[in-house]
Amino acid sequence: MHTQQFKERLEEEKGRLARQMQEVGRKNPAVPDDFEARPTQTGSEPDLADQAGVIQSYEENEGVLRDLEARYDQILAALARIEAGTFGKCAVGGEAIEPERLEADPAAATCLAHLR
């Protein structure tokens, strides 16, 4: 697969992840390019059980958002490697990353030998 095709796949995933992050969070006004979780309910529920539900939904969204942001950062790093001309080279040893590894995950930064 050509680098341009990997770039297109990465850009597509980046857009999907950004949409998913907006579903469970919002842009953090204090930290550019960062998201913060938000509860699915409004937070104005008067009942204690409803308030507990708000807290639980916030915590669930926070966990989901953390995972989405981690993958989003991997995608951004892979796109930066494409721009720098280092895409497909192992970040640890500098050797070529196996084509099947890049096919499975275009954001892979290491070869199989250096997989953590």
Side-chain angles (χ1 to χ4, degrees):
M1 185 178 267
H2 188 269
T3 302
Q4 181 61 32
Q5 292 170 314
F6 284 120
K7 183 176 181 178
E8 290 169 8
R9 282 180 56 194
L10 290 163
E11 289 286 355
E12 183 180 309
E13 185 173 358
K14 176 184 165 191
R16 182 182 52 79
L17 289 167
R19 288 188 298 278
Q20 289 176 331
M21 287 188 296
Q22 289 182 353
E23 289 174 9
V24 295
R26 64 179 179 203
K27 288 275 191 179
N28 183 343
V31 182
D33 297 327
D34 189 34
F35 279 81
E36 58 187 10
R38 59 184 163 85
T40 30
Q41 290 98 356
T42 64
S44 61
E45 289 77 9
D47 184 273
L48 285 179
D50 291 338
Q51 290 174 12
V54 169
I55 293 169
Q56 183 177 359
S57 72
Y58 172 80
E59 289 173 350
E60 289 170 0
N61 284 350
E62 188 173 19
V64 169
L65 186 58
R66 194 173 319 122
D67 290 343
L68 292 171
E69 281 186 301
R71 180 62 182 172
Y72 189 80
D73 290 344
Q74 291 174 346
I75 299 299
L76 292 180
L79 289 168
R81 288 192 299 275
I82 289 173
E83 294 304 315
T86 59
F87 180 80
K89 295 178 184 172
C90 179
V92 176
E95 61 270 31
I97 297 173
E98 298 82 359
E100 59 275 2
R101 177 151 166 71
L102 288 175
E103 274 293 328
D105 181 8
T110 62
C111 66
L112 289 172
H114 293 114
L115 182 63
R116 296 179 205 157

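Scanning both residues, Ala78 and Pro106, for their nearest heavy atoms gives CB-O, 4.0 Å. Ala96 and Cys111 get closest at one heavy-atom pair: O-CB, 4.1 Å.
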Original post:
Can you list the steps and then say if Lys89 with Glu95 is a side-chain contact (heavy atoms from CB on, under 4.5 Å)?
Top reply: CA-CA 5 Å; Lys89 295 178 184 172; Glu95 61 270 31; over 6 Å; no
Original post:
Given the rule in the side chain to side chain donor-acceptor pair (under 3.5 Å) test, do Gln22 and Arg19 qualify, once you have shown the distances and angles that lead to the verdict?
Top reply: CA-CA 5 Å; Gln22 289 182 353; Arg19 288 188 298 278; over 6 Å; no
**OP:** Apply side-chain contact (heavy atoms from CB on, under 4.5 Å) to Ile82 and Gln4, showing your working.
**Re:** CA-CA 9 Å; Ile82 289 173; Gln4 181 61 32; over 6 Å; no
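Rounding to the nearest 0.5 Å places CG of Leu68 at 5.5 Å from CD of Gln20. One distance of note links CD1 of Ile75 with CG of Leu10; it measures 5.0 Å at 0.5 Å rounding. To the nearest 0.5 angstrom, Gln74 atom CD is 12.0 Å from Leu79 atom CG. With rounding to the nearest 0.5 Å, the separation of CD in Glu8 from NE2 in His2 is 10.0 Å. Tyr72 contributes atom OH, which lies 5.0 Å from atom CE of Met21 (distance to the nearest 0.5 angstrom).
Applying the ring-ring contact (aromatic ring centres under 6.0 Å, His included) definition to pairs two or more places apart or across chains, those involving residues 80-116 are Phe6-Phe87. Identified under the salt bridge (charged side-chain N to carboxylate O under 4.0 Å, His left out) test for residues 74-84, with sequence neighbours left out: Lys7-Glu83.
In this structure, Arg101 and Thr110 have side chains that are in contact, with non-hydrogen atoms separated by less than 4.5 Å.
One finds a salt bridge joining Asp105 and Arg71 here, because a Lys/Arg side-chain nitrogen approaches an Asp/Glu carboxylate oxygen to under 4.0 Å.
In this structure, Arg16 contributes its side chain and Glu11 its backbone to no donor-acceptor pair below 3.5 Å.
Scanning for salt bridge (charged side-chain N to carboxylate O under 4.0 Å, His left out) contacts around Arg66 gives an empty result, with sequence neighbours left out.
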